[in-house]
A.B. asks: 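I am attaching a structure below and will ask some questions about it afterwards.
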Amino acid sequence: MTEARLRQPRVSGTVRIVGSGLLGASVGLGLRQYGVDVVVTDASRTAAQLAVEYGAGREPEASDAPVLIVVAVPPDAVAEVVAAELAAFPDAIVTDVASVKAAPLAELEALGVDLSRYVGSHPLAGRERGGPISARADLFLGRPWVVCSRPELARAAVSLVEGLALDLGAIPVEMDAVAHDESVALVSHTPQLVSTLLARRLASATDAALGLAGGGVRDVTRIASSDPALWVQILSANAATVASILRAYRDDLDEVVGALERIDEPGSRRTIAETLAGGNAGVARLPGKHGQDRRFASVVVLIEDKPGQLGRLFAELGELDINIEDFRMEHSPGAQIGIAEISVVPEMLARTVEDLTERGWRIAG
Ligand SMILES: NC(=O)C1=CN([C@@H]2O[C@H](COP(=O)(O)OP(=O)(O)OC[C@H]3O[C@@H](n4cnc5c(N)ncnc54)[C@H](O)[C@@H]3O)[C@@H](O)[C@H]2O)C=CC1
Ligand SMILES: O=C(O)C(=O)Cc1ccc(O)cc1
């Protein structure tokens with residue numbers, strides 16, 4: 001896949017972004033790479049100005065007629081902003097990127113708004129730090145982007161939002177709002193709280209103990225740096241589902257604590273062993289790096305789902321004298337992008353990323 005081929009965006013016309021923080025400015029930066037006309041706005045003048053100055057888009061003009069509006073404000077504000085945008089731009093499709101989908105939809109329904117031009121969505125891509133300063137054009141590369149279909153929605157409206165996801169290198173996944181919220185409760189919202197709860201134990205640790213911290217504790221506490229103001233909104237909007245997963249987690253925890261407290265009683269060691277094996281089974285089911293051979297480093301390359309692309313990638317790696325130690329290919333139904341995960345020896349990782357990027361391949365972060 002060459003850069004030139006990537007220069008044809010699926011979304012054409014003006015895209016208006018409301019909320020130019022991390023997500024909004026990242027969408028803007030990604031679309032600007034294709035030359036799409038992007039307008040950025042924000043309730044904070046500074047955030048909007050920064051987004052413009054970082055190249056995420058331009059300031060709005062009275063004559064703007066956007067085809068697509070991306071609402072990237074905190075979850076509590078989504079329904080109100082979507083309703084206002086639908087009313088202000090009667091020809092535009094409006095999407096939002098909030099981390100919860102059922103609550104904003106229910107709020108919009110309660111407002112009595114005509115929702116035939118509203119398609120909720122959620123890119124599973126983010127960072128611990130918000131704001132336009134943290135935005136990145138490549139934030140969405142290779143990541144799933146849930147697009148919430150509803151039976152009454154026109155196919156063209158859903159396709160436009162899927163086109164946005166594809167333009168930004170993401171993989172659209174259609175799901176309804178309830179299935180989305182249940183899924184992210186398990187893979188995003190509960191992990192956030194578990195990471196947070198563990199990191200809280202570190203707050204009162206001695207410097208000597210913290211000085212011994214290695215990769216393990218860093219892996220499980222990375223997302224504990226997330227913004228509390230945003231996360232309290234996300235967790236409130238998905239509270240019941242997250243609570244039910246945490247109850248099951250608490251049951252497991254009680255069992256392990258009981259076994260540790262009575263470690264010399266018969267069965268205690270078995271309980272701990274079975275808990276650890278259950279964890280092995282769970283993590284092995286995660287797609288991506290977890291199931292891979294840890295002797296190798298992996299590079300995720302996005303390839304157009306067209307004949308010959310994979311052959312060209314392999315040939316170019318050969319020309320670059322880079323040996324493929326292992327290989328895995330992932331497809332998402334309906335997406336026109338394939339994800340090739342190539343394993344190389346760790347010493348070759350930096351050169352592989354650099355050389356492939358130089359030749360125009362897109363590498364997911
Ligand atoms: N941070 C993350 O990793 C991810 C966040 N999301 C979702 O994206 C949305 C935005 O999150 P971030 O970009 O991280 O937050 P952010 O704090 O970086 O940006 C939000 C922006 O919205 C603006 N804003 C607030 N109320 C507004 C209103 N009524 N009208 C116009 N602008 C308004 C704020 O001034 C701010 O600049 C949230 O709904 C969040 O759930 C989705 C995926 C990942
Ligand atoms: O950094 C990570 O691993 C994340 O999972 C970031 C993230 C945060 C919130 C979302 O709604 C989606 C993704």
Side-chain angles (χ1 to χ4, degrees), residues 1-3 5-6 26 30 33 123-128 136-146 165-166 168-173 183 186-188 191 195 213-223 276-365:
M1 176 165 56
T2 64
E3 282 295 308
R5 280 219 187 124
L6 283 171
S26 295
Q33 288 190 321
L124 272 296
R127 305 186 70 184
E128 295 82 70
R136 291 170 46 166
D138 63 358
L139 186 70
F140 310 103
L141 283 186
R143 302 296 306 147
W145 188 313
V146 174
L166 289 166
L168 297 172
I171 311 208
V173 178
S183 303
L186 186 64
V187 301
S188 178
S195 173
V217 68
R218 284 175 213 282
D219 278 357
V220 292
T221 56
R222 178 179 62 83
I223 52 177
L276 292 165
N280 292 160
V283 78
R285 293 207 57 216
L286 280 177
K289 297 189 175 101
H290 295 267
Q292 296 285 292
D293 190 327
R294 290 179 194 276
R295 287 172 303 164
F296 303 127
S298 66
V299 182
V300 176
V301 187
L302 300 171
I303 60 169
E304 269 186 303
D305 209 356
K306 283 185 178 172
Q309 294 300 300
L310 205 49
R312 200 162 67 74
L313 174 63
F314 283 177
E316 290 191 17
L317 284 166
E319 286 164 23
L320 293 165
D321 205 21
I322 293 167
N323 194 41
I324 303 171
E325 307 291 344
D326 201 352
F327 171 74
R328 222 162 56 93
M329 185 76 199
E330 257 183 56
H331 280 280
S332 183
Q336 290 146 302
I337 288 180
I339 294 178
E341 189 168 352
I342 289 162
S343 300
V344 295
V345 290
E347 309 84 86
M348 292 300 285
L349 178 65
R351 183 160 83 77
T352 307
V353 171
E354 199 176 305
D355 288 357
L356 287 178
T357 305
E358 205 165 278
R359 285 176 171 233
W361 295 93
R362 283 207 295 180
I363 312 294

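Quick caveat: nothing in here was measured; it's all calculated off a predicted structure. In what follows, residues are counted from 1 in the order of the sequence shown.
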A.B. asks: Quick one: does R127's side chain get under 4.5 Å of L139's, heavy atoms only?
C.D. replies: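 A side-chain contact under 4.5 Å exists here.
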A.B. asks: Just to verify, which of L141, D138, V301 counts as forming a side-chain contact (heavy atoms from CB on, under 4.5 Å) with I363?
C.D. replies: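 Single side-chain contact (heavy atoms from CB on, under 4.5 Å) partner of I363 among L141, D138, V301: V301.
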A.B. asks: Could you check whether any side-chain heavy atom of L317 comes within less than 4.5 Å of a side-chain heavy atom of T352, counting everything from C-beta outward?
C.D. replies: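 With C-beta onward as the side chain, the pair touches.
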A.B. asks: Please round to the nearest 0.5 Å and tell me the distance separating atom CG of L356 and atom CD1 of I342.
C.D. replies: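 With rounding to 0.5 Å, CG (L356) is 6.5 Å from CD1 (I342).
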A.B. asks: Once rounded to the nearest 0.5 Å, what's the spacing between atom OG1 of T357 and atom CZ of R359?
C.D. replies: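 Answer rounded to 0.5 Å: 12.0 Å.
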A.B. asks: With side chain to side chain contact (heavy atoms under 4.5 Å, CB included) as the test, would you mind laying out the steps for I303 and L310 before giving the verdict?
C.D. replies: CA-CA 7 Å; I303 60 169; L310 205 49; 3.6 Å; yes
A.B. asks: What is the minimum heavy-atom distance between A165 and P172, and which atoms define it?
C.D. replies: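 Heavy atoms only, the tightest pair is CB-CG, 4.2 Å.
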A.B. asks: Let me confirm one number: the CD1-CZ distance from I322 to R351, rounded to the nearest 0.5 Å.
C.D. replies: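 Here the rounded value is 4.5 Å.
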A.B. asks: When rounded to the nearest 0.5 angstrom, what distance separates CG in L124 from CZ in F140?
C.D. replies: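 One gets 11.0 Å once the value is rounded to the nearest 0.5 Å.
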A.B. asks: Do W361 and V299 come close enough that some side-chain heavy atom pair is under 4.5 Å?
C.D. replies: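 Result no, sub-4.5 Å side-chain heavy-atom pair not found.
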A.B. asks: Do any N or O atoms from the side chain of S195 and from the backbone of P191 form a donor-acceptor pair under 3.5 angstrom?
C.D. replies: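 No; judged by distance alone, with no hydrogens or angles, the pair does not exist.
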A.B. asks: Which atoms form the tightest heavy-atom contact between R143 and A125, and what is the distance?
C.D. replies: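 In this case the closest contact between R143 and A125 is CG-CB, 3.7 Å.
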A.B. asks: Where the side chain of S343 meets the backbone of S298, is there a donor-acceptor pair that is under 3.5 Å apart?
C.D. replies: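 Not at all, since once roles are kept as given, no pair shorter than 3.5 Å links the two residues.
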A.B. asks: Over all heavy atoms of both residues, which pair between L313 and A340 is shortest? Give the atoms and the distance, please.
C.D. replies: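 Shortest heavy-atom contact: CD2-CB, 4.1 Å.
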A.B. asks: Compare all side-chain heavy atoms of V173 with those of W145 and state whether any distance is below 4.5 angstrom.
C.D. replies: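 Counting from C-beta outward, V173 and W145 never come under 4.5 Å.
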A.B. asks: Do the side chains of V344 and I324 get nearer than 4.5 Å, heavy atoms only?
C.D. replies: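 Not touching, per the 4.5 Å side-chain cut-off.
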A.B. asks: Minimum heavy-atom separation for A213 and R218, please, with both atom names.
C.D. replies: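 Distance-wise, the nearest heavy atoms are O-NH2, 3.4 Å.
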A.B. asks: Nearest heavy-atom pair of E304 and Q309: which atoms, and what distance?
C.D. replies: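 Distance-wise, the nearest heavy atoms are O-CG, 3.2 Å.
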A.B. asks: Is it the case that over 12 heavy atoms from other parts of the model lie below 6.0 angstrom from the CG atom of D321?
C.D. replies: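 No - once you tally the heavy atoms of other residues, nucleotides and ligands closer than 6.0 Å, there are 12 at most.
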A.B. asks: Find the distance between CG (N280) and CZ (R285) and round it off to the nearest 0.5 Å.
C.D. replies: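 The CZ atom of R285 is 14.5 Å from CG of N280, to the nearest 0.5 Å.
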